[in-house]
Every structure is written in structure tokens, then in C-alpha cells.
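Everything on this sheet refers to the single structure shown next.
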2 protein chains.
Amino acid sequence: MRVAELAQVAGVSADTVRYYERVGLLRPPPRTASGYRAYDESAADRVRFIQGGQRLGLRLRDIGELLAVRDTGVCPCEPAEELLTRRLAELDAELARLAALRAEMVRMIDALPSPDCPPPEPGTWCPPGTDAERR
Amino acid sequence: MRVAELAQVAGVSADTVRYYERVGLLRPPPRTASGYRAYDESAADRVRFIQGGQRLGLRLRDIGELLAVRDTGVCPCEPAEELLTRRLAELDAELARLAALRAEMVRMIDALPSPDCPPPEPGTWCPPGTDAERR
DNA sequence: CTAAACCTTGGAGCACACTCCAAAGTCAAG
DNA sequence: CTTGACTTTGGAGTGTGCTCCAAGGTTTAG
């Protein structure tokens, strides 16, 4: 498998594959006589592992750590569990933040009279949250 | 008001104030004889407007457009309403995405045996969503 | 008068995950 | 043998919103 083929089966670009190698997520594959990268199936698996981690919102750095553990022959379940638990907490915080924001936004949109709102009085205005009580 | 003072009352850094000027969110203020920026109260209001927009997740570019409208003396309510409505849709999409992700993550964490999980079999593994059915 | 604390500028750097480039080499089809 | 599609490399650029820097000028307190 050459780089474009790996990229294709894994659903990323060839540039991305090379990028992953640069940052240490993929180990340098063997090369053909002419210097082309020659991947085997495990590389595709590895890229899919990376994609899976990304879908969960893990950063490449974290995924790299999981891969490093896996490369020692040990199951990365334990660090993965910790990462995922931490990420879940982040996710919950983010969900709460967005939900609060959404509520505020709905209030603001409702409060927007649209016709004949007052000319720019300095100090108070449409966007700021502190303005929601205008109207 | 000099730059640090404006920064202080508005809750940002002096660098940030200068940055806003650079990117066109704050108009260049008058200068003292020695070249120091001299702000009046309206600048603080403007920075607060920016902060308000940011809290809602608007990008500086969007906030700049609102400010540009406001600078013409017209109320930016109408463009604001459009922006906010669009942003609300984004927010809803993001909320849905995160909620789905959260559910998947909980399933994955539950499925993690932690003790004695199998050694790295290539092809299937902890992180990928496609692995949730392992075990 | 001096020292500290401010101010000025243009430009670089950060985080993140790519994405694109030019210049050169390689490979397969026709 | 030529053409076109691939490959290689290091390095630069993208977007977002800052943040920090050096080298110099200004202001203020003691």
C-alpha cells in the first residue's frame, strides 16, 4: 500500500497520513527501493484508531499516548478510561454551558423588537447579555 | 483613559485592546501629545459590546459587522437577529452532536472491562465507536 | 535626577490539525 | 519514449483570538 491508497481506505488525505507520521502518530513505514512509503494493513487500522479517538473529541496528543501504550503491547484500556472519563466531564460542562447560552439566546431573540428599536444609546445594546432586560 | 485603564475597566488586557484596534473593531482613538491613546467612555462600552457578542459565541468578524452598522447610527438589531438566529441553529446542532457523543461515550466507558482486557488485537479496539460492540 | 511604571511600534509565536507548495524523482500505460 | 499520475522533502500557510517581544519614548513618585 502506498500513501494515497492508505489514505483512501482510511478516509483521510495523503497529506494527513504524512502529517500523522511527522507528529509521531504513525511510525515510519518501510520504504520501497525508490523511497515510497509501503504500508501494511495495520497502518490502516492505526489510522482508524486515530479517527475513532478524534470522533470522541480526543486531541491527537491524547491519541498518541494511547497508541504509545498500545505499542508496548499493553492494552490502553486503563488510560483510555481515564481519558474518556475526563473528556466526559468536559463534555458535560460544555453541554451545560451551551444549554444556558441557548436559553439566553432565545430570550434575546424574543426580546428583539426588530422594528423601531432605539438608536444607538451608548451603554446598552442588543448583543450583551446585560441587555436582555431592555425591551 | 489610557489603554491599560480601558483594558482594566473592560476586563481585557491592553494587548487585546490594541489588537481590537488592529483588526478594526475599535476605531483609532485620539492621541495625547506624546502619542498615547486617549479613550473616552464610549470605548469601554464598545469593548463591552464585543465581550457580549463573544459570550454568545459570535466571531469577532460578526461583531465587527454589527459595530459597523451601529457606527452608521442605525440599530444593528436586524442583522443581530439574523446572526443570532443562525448562531442558535449552530448551537442546536452542536448540542445534538454533543449529546449523541455523550451517550456513545457512556456506553464505551461502561463497556471498558479495565481488568484483563485482551492484548492489542489489530483491527478492533478501545476508542473507535465501531468497537463499542466488542466484549 | 533617577527609577519604576507606563506607553509606542511592527512583527513573531501559540494552539490545533491540517493543507498546500515547488522541485525533483518514479512508475505504468500506450 | 513520452505522458501523466504518482511519490519524495522541508517549509510555509490557514483560521481564530489573542499574547509576547524588543527597543525605544514618557510620565510619575520619591
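In what follows, chains are A, B, ... by sequence order, proteins preceding strands, each numbered from 1.
- Between the CG atom in A/Leu58 and the CD1 atom in A/Ile50 there is a gap of 12.0 Å [rounded to 0.5 Å].
- In this structure, OH of A/Tyr19 is placed 16 Å from P of D/dG11, rounded to the nearest angstrom.
- Atom OH of A/Tyr20 sits about 7.0 Å away from atom CG of A/Leu25, to the nearest 0.5 Å.
- Within the structure, the salt bridge (Lys or Arg N to Asp or Glu O under 4.0 Å) test picks out the following pairs touching residues 2-17 of chain B (sequence neighbours left out): B/Asp15-B/Arg18.
- For the pair A/Ile50 CD1 and C/dA17 P, the interatomic distance rounds to 11 Å; values are reported in whole Å.
- Considering only side-chain atoms of A/Asp15, the nucleotide from D/dC18, C/dC20, C/dC18 that sits closest is C/dC20.
- Taking the nucleotide of DNA chain D with the nearest heavy atom to each of B/Ala33 and B/Gln51, the more 5' of the two is matched to B/Gln51.
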Which pairs, protein N/O on one side and nucleotides 6-8 of chain D N/O on the other, fall under 3.5 Å?
| residue | atom | partner | partner atom | Å |
| --- | --- | --- | --- | --- |
| D/dC6 | O2 | A/Tyr36 | OH | 3.4 |
| D/dT7 | OP1 | A/Ala4 | N | 3.0 |
| D/dT8 | OP1 | A/Arg37 | N | 2.8 |
| D/dT8 | OP1 | A/Arg37 | NH1 | 2.8 |
| D/dT8 | OP2 | A/Arg18 | NH1 | 2.7 |
| D/dT8 | OP2 | A/Arg37 | NH1 | 3.2 |
| D/dT8 | O5' | A/Arg37 | NH1 | 3.4 |
| D/dT8 | O3' | A/Arg31 | NH1 | 3.4 |

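- If you measure from atom CZ of A/Arg59 to atom C1' of C/dC14, you get 14 Å, rounded to the nearest angstrom.
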* **B/Ile63 and B/Leu67: CA distance, side-chain angles, deciding distance, side chain to side chain contact (heavy atoms under 4.5 Å, CB included) verdict** => CA-CA 6 Å; B/Ile63 298 171; B/Leu67 283 169; 4.1 Å; yes

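- Spacing between atom CD of B/Gln8 and atom P of C/dC7 amounts to 11 Å, rounded to whole angstrom units.
- You won't find any donor-acceptor pair under 3.5 Å spanning the side chain of B/Arg22 and the base of C/dT8, going by distance alone.
- OP1 and OP2 of D/dT16 both lie 4.0 Å or more from every side-chain N or O belonging to B/Gln54.
- Listed pair B/Thr16 / D/dT19 meets the phosphate criterion, a side-chain N or O lying under 4.0 Å from OP1 or OP2.
- D/dG17 atom C1' lies 14 Å from atom CG of B/Asp62, rounded to whole Å.
- Classification of B/Arg86 and B/Glu82 as a salt-bridged pair holds, one side-chain N sitting under 4.0 Å from a carboxylate O.
- Between the P atom of D/dC18 and the CG atom of B/Leu26 lies a distance of 11 Å, rounded to the nearest Å.
- Using a 4.0 Å cut-off between charged nitrogen and carboxylate oxygen, B/Arg97 and B/Glu94 count as a salt-bridge pair.
- At the phosphate of D/dC18, OP1 or OP2 sits under 4.0 Å from a side-chain N or O atom of B/Tyr20.
- Note that CZ of A/Arg55 is 14.5 Å distant from CZ of A/Arg48, once rounded to the nearest 0.5 Å.
- Here D/dG11 presents its C1' atom at 16 Å from CD of A/Glu21, a figure rounded to the nearest Å.
- In the set D/dG11, D/dC20, C/dC16, the nucleotide with an atom closest to the side chain of A/Arg61 is C/dC16.
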